[in-house]
2 protein chains.
Amino acid sequence: MREAAAAEPRPYHHGDLRRALVEAARRILESEGPTALSLRAVAREAGVSPAAPYHHFKDKGELLDAVAHVGWDMLGESMTGAKQRAADLGSLMTEIGVSYVQFSQQHPALYRVMYDCSRDKDELPEGMQDNEDSAYCLVRETFRKVAGPEVPIVDIELATIAAWCAAHGLAEMSTFKQFDSLKIGLGGEEAFLRGVLGHLGMFQAGKPARI
Amino acid sequence: MREAAAAEPRPYHHGDLRRALVEAARRILESEGPTALSLRAVAREAGVSPAAPYHHFKDKGELLDAVAHVGWDMLGESMTGAKQRAADLGSLMTEIGVSYVQFSQQHPALYRVMYDCSRDKDELPEGMQDNEDSAYCLVRETFRKVAGPEVPIVDIELATIAAWCAAHGLAEMSTFKQFDSLKIGLGGEEAFLRGVLGHLGMFQAGKPARI
DNA sequence: CCACCTATCTGAACGGCGTCAAGATCAATC
DNA sequence: GATTGATCTTGACGCCGTTCAGATAGGTGG
């Protein structure tokens with residue numbers, strides 16, 4: 001059927017399959033969810049044999065890593081955008097938190113892969129690693145700026161972890177449809193997110209130093 | 001090899017297999033983790049053929065439901081115990097939160113199943129449902145008692161969700177070994193948990209009304 | 001221009017998985 | 001003691017991840 005998202009020129013043998021496989025995987029994730037994401041299905045979607053991916057990835061896990069990498073990039077851009085859009089220091093963390101959870105709602109299957117594929121290797125997910133510009137560092141640096149120099153480093157670290165836990169927990173919870181009536185009562189999805197985050201200390205607007 | 005945990009009298013045909021299967025599943029979970037938990041492996045561990053479980057469970061999902069049910073029971077007992085042990089109102093939520101996360105650390109594979117098996121059906125996990133005595137209701141009732149009658153119901157609900165998100169997020173994060181050095185610096189696992197929770201509003205000791 | 005080399009892809013196979021249908025087995029009931 | 005119905009086994013199906021021998025074809029040196 002279809003072989004790639006766009007009819008790009010294929011520079012090589014059968015095309016630049018590595019990218020095509022990652023895109024095929026993302027297509028399957030969005031249309032059929034994480035349980036349908038088998039290596040064979042990805043190969044099928046990309047129009048190659050089940051063994052072809054093994055010339056580009058060591059195993060299924062490495063393919064999922066590549067997919068997760070794309071996800072963390074996208075999430076990082078969302079969060080950076082939210083940080084730049086924030087009106088004042090007091091709302092910085094809230095805006096970043098909301099953008100985090102909204103990303104998880106817009107790409108629930110991808111979000112799942114981003115955590116699952118790293119748990120299998122029990123490593124930290126890519127976006128939580130202490131790299132130069134990981135999403136986690138973005139949050140920590142934001143806390144550092146918001147908190148001021150007198151707050152001990154360990155408190156910055158703990159606050160970052162706490163915020164991440166809260167956002168991740170909310171991301172997982174908000175997928176359950178049982179909260180729908182509460183969401184409606186509050187005036188929509190985003191009001192619900194802000195309502196929950198507002199009960200969580202560091203996300204309270206107008207209290208930048210409260211860490 | 002071994003067929004059941006204890007040499008109980010087998011009242012029936014081949015034994016009361018339903019219970020034996022759930023116990024076999026739990027044994028596999030604890031010894032080999034969630035990825036090794038196949039229906040066939042459970043049947044093998046229980047000493048029956050791969051098709052035998054189908055006379056007691058509709059499919060693999062229903063077996064996992066039964067396993068998760070045990071887990072939610074255990075977690076509920078942990079949390080109830082923590083609530084009763086709490087010295088004062090101000091530390092109630094913290095103690096419950098700590099017991100929640102500690103349970104997830106003591107039974108990581110079981111904890112995973114407790115959430116995963118319900119996500120597949122996209123239903124709320126058993127312990128989060130609005131039943132009479134679910135773990136979720138335990139938390140909400142605690143909040144209601146701690147907050148006093150003047151706090152609106154919707155805030156109780158949001159605070160409960162927020163607390164649950166934070167605890168669940170922390171439960172997932174604390175499995176990553178990358179926080180080990182921070183944990184050591186703080187004086188151990190429990191100090192880490194209390195440190196993170198302490199940054200999260202409703203878990204701050206001595207501030208029972210802050211919801 | 002040609003022959004080789006190497007990366008890439010296919011086809012077929014292996015064992016393991018979830019699930020099902022048909023038959024064997026055995027406790028309980030009449 | 002024969003019948004019944006629940007329970008368990010056997011064998012099969014299609015899908016999965018993975019491997020390996022062989023086909024293919026782009027790039028390179030002659």
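Every heavy atom of this structure was used, including side-chain atoms; hydrogens, water molecules and symmetry mates were not. We name chains A, B, ... by the order of the sequence lines, and we start the count at 1 in each one. What you see is a predicted model; the values in this text were computed from it and never measured.
- Of the residues in residues 35-43 of chain A, those placing a heavy atom less than 4.0 Å from an atom of DNA chain C are A:Arg40, in numerical order.
- Atom C1' of nucleotide C:dC9 and atom CZ of A:Arg44 are separated by 17 Å, given to the nearest angstrom.
- One can place CD of A:Glu45 at 13 Å from P of D:dC16, the figure rounded to the nearest angstrom.
- For B:Lys60, counting side-chain heavy atoms from C-beta on, the closest listed nucleotide (C:dT19, D:dT10, D:dT18) is C:dT19.
- Using a 30° and 60° split on the angle between ring planes, B:Trp164 and B:Tyr100 fall in the perpendicular class, above 60°.
- The aromatic rings of A:Tyr115 and A:His168 are tilted relative to each other, their planes meeting at an angle between 30° and 60°.
- At a threshold of 4.5 Å between non-hydrogen side-chain atoms, the residues A:Leu64 and A:Leu37 count as touching.
- Atom-to-atom, CG of B:Leu63 to C1' of C:dG18 comes out at 12 Å; the value is rounded to the nearest Å.
- To the nearest angstrom, P of D:dC13 lies 17 Å from OH of B:Tyr54.
- At whole-Å resolution of the value, NE2 in A:His56 and C1' in C:dT10 are 13 Å apart.
- Using a 3.5 Å distance cut-off with no hydrogens or angles, the side chains of A:Ser174 and A:Gln105 do pair a donor with an acceptor.
- Atom-to-atom, CD of B:Glu62 to C1' of C:dG18 comes out at 15 Å; the value is rounded to the nearest Å.
- Of the candidates C:dT19, C:dC9, C:dA21, C:dA21 carries the atom nearest the B:Ala51 side chain, counting heavy atoms from C-beta on.
- Under a 4.0 Å N-O distance rule, the pair A:Lys145/A:Glu141 does not qualify as a salt bridge.
- Taking atom CG of A:Leu21 as the reference point, atom C1' of C:dC9 lies 12 Å away to the nearest angstrom.
- If you take NE2 of B:His55 and C1' of D:dT10, they are 12 Å apart, rounded to a whole angstrom.
- Counting heavy atoms from C-beta outward, A:Arg140 and A:Cys137 have side chains that approach closer than 4.5 Å.
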